[in-house]
There are 2 protein chains.
Amino acid sequence: MNDADVYGQLKQYLGKHITVSDEQLALFCSKFKHKKTKRGEILLRADEIAPYSYFVNNGCLRVYMMDAEGRESTRFLIFENSVGTAFPSFTLQEPSMAYIQSVEPSEILYITHKDFNGLLDTFPGWERVYRIDLEREYIASIRRIESLITMDAKQKYNLLMSKNPALIQRLPSRIIADYLGISQETLSRLKSKK
Amino acid sequence: MNDADVYGQLKQYLGKHITVSDEQLALFCSKFKHKKTKRGEILLRADEIAPYSYFVNNGCLRVYMMDAEGRESTRFLIFENSVGTAFPSFTLQEPSMAYIQSVEPSEILYITHKDFNGLLDTFPGWERVYRIDLEREYIASIRRIESLITMDAKQKYNLLMSKNPALIQRLPSRIIADYLGISQETLSRLKSKK
DNA sequence: CCCCAGATTTGACAAATGTCAATAAATTAC
DNA sequence: GTAATTTATTGACATTTGTCAAATCTGGGG
């Protein structure tokens, strides 16, 4: 894939919801910069204000918290062809509770908060696309809350298996465990028993 | 409060974000119907498609799920001066996993899905107000996910106490417990110990 | 104002999950 | 390819939380 293609997936993502001219698309994409990350690279640290929102071309970003004892909890995962960041920090421009890490070597696009908000004011249809995306992500978070307040460890794991098996194959089980809010030992036992 | 005033809070809510003319406000409000509910009244049952989104003038609505054994889990609470519904069902117009119940005698406004979407297309500024509200609620849900995957029962209760003491005073502890995803007995013991 | 259904508390016990430590397996970096 | 490092598994045990049952409390409706 040459440099001219790095915006192809972003254009497709936008085109799924609205139809815009090629010049408009080019203008939209010009706000995004391109970057390749190494495995394990940290893109944001806690207490920093998230400057960017990311579109993942390939690879995976992980938004996670760390407690005083160094224990990590994965709040969110961002895979190919989706947008994400440390959402509260980016949106409110306040210090982040979370880190962002590239769990795989990834190829990503990123946009500043200022440019992001600028597009909302100036780019026709972008506020709608973003709003619909927000609805989708909010619904996903509601489903996750439901599973967290109603299910035990095995049920949560089985649900993830059925809804997102790719995630389980792809990520180390340590991350699966702290995404589900259980210990790695418990997860390991679930896998062998069931 | 007479009938002419039932839209006062909704107008204030809208006015917090954008400035609109009185006629526009009146048009906006005309899409909302007014209703008083009894304590315990069910507004939506699981498997129904949520027809309405609600603005609560006073009182409190509760969005909850019920498992096969009849155990309830509170997904969401909607207090005065805020908007809410069984969000996934209302937004996607698909059968709801959740019930909506009025936990107190309440006074509410409600709007159909069709009118809600109509306003997004026709009412200047409404998509923005709604989008910003979505961001706020999505952030709240992220915070809740964080507390669910990182905290034990006592920590979750203490957090709720510090962030939302009114909620604890106002609602029966059975509901507090299933909002936190713990049993009422565990909650009762936390309260006496700490 | 009283009664009663529902809510809360408490006790005894069971089950689920976490913690710590040791070992085994896998993956990365060189 | 191999050593070094991380990751995953397993065992033993502690802790938390859930479950069921009974007793007590409470507040809303008549």
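The sequence lines fix the lettering, A, B, ..., with proteins before strands; numbering per chain opens at 1.
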Starting at atom CG of B/L180, determine the distance to atom P of D/dT16, rounded to an integer number of angstrom.
18 Å
Side chain of B/D152, heavy atoms from C-beta onward: which of C/dT19, D/dT17, C/dA7 has the nearest atom to it?
D/dT17
Whole-Å distance, A/I175 CD1 to D/dT7 C1', equals 11 Å
Can you check the B/L190 CG to C/dT9 P distance for me, whole Å?
11 Å
Contact class for B/I182 vs. all strands (heavy atom < 4.0 Å): base, sugar-phosphate, or nothing?
sugar-phosphate
Mapping B/T186 and B/R39 to their closest nucleotides on DNA chain C, which lands nearer the 5' end?
B/R39
Can you tell me how far P of D/dT16 sits from OH of B/Y157, to the nearest Å?
18 Å
Establish, with yes or no, whether the OP1 or OP2 oxygen of C/dT8 is under 4.0 angstrom from a side-chain nitrogen or oxygen of B/S188.
no
Which heavy atom of B/A98 sits nearest to which heavy atom of B/L44, and what is that distance?
O-CD2, 3.9 Å
Confirm from the modelled atom types if B/R71 and D/dG18 form a donor-acceptor pair under 3.5 Å, side chain to base only.
no
Return the value, rounded to whole Å, for the distance between atom CD of A/E185 and atom C1' of D/dA14.
14 Å
note: A/L187, atom CG; D/dA8, atom P; distance rounded to Å ~ 9 Å
Testing D/dG11, D/dT17, C/dT9 for proximity to the side chain of B/A153, the answer is D/dT17
Taking the six-membered ring of A/F87 as reference, does the cationic atom of A/R75 (NZ for Lys, CZ for Arg) lie under 6.0 Å from its centre and within 45° of its axis?
no
Protein-nucleotide distance (B/K38, atom NZ; D/dG29, atom P), rounded to Å
11 Å
State whether A/K154 places a side-chain N or O below 4.0 Å from either non-bridging phosphate oxygen (OP1 or OP2) of C/dA16.
no
Using a cut-off of 4.0 Å on non-hydrogen atoms, how would the nucleic acid contact of A/G40 be classed: base, sugar-phosphate, or nothing?
nothing
Rounded to whole angstroms, how far apart are CG on B/L171 and P on C/dA7?
12 Å
Which word best sums up how the rings of B/Y54 and B/Y110 line up, parallel for under 30°, tilted for 30 to 60°, or perpendicular for over 60°?
tilted
Any idea which heavy atoms bring A/S141 and B/S141 closest together, and the distance?
OG-OG, 2.7 Å
A/R144 charged N/C atom sitting above A/F76 aromatic ring, 6.0 Å / 45°:
no
What nucleic acid atoms does B/S183 come within less than 4.0 Å of, heavy atoms only: base, sugar-phosphate, or nothing?
base
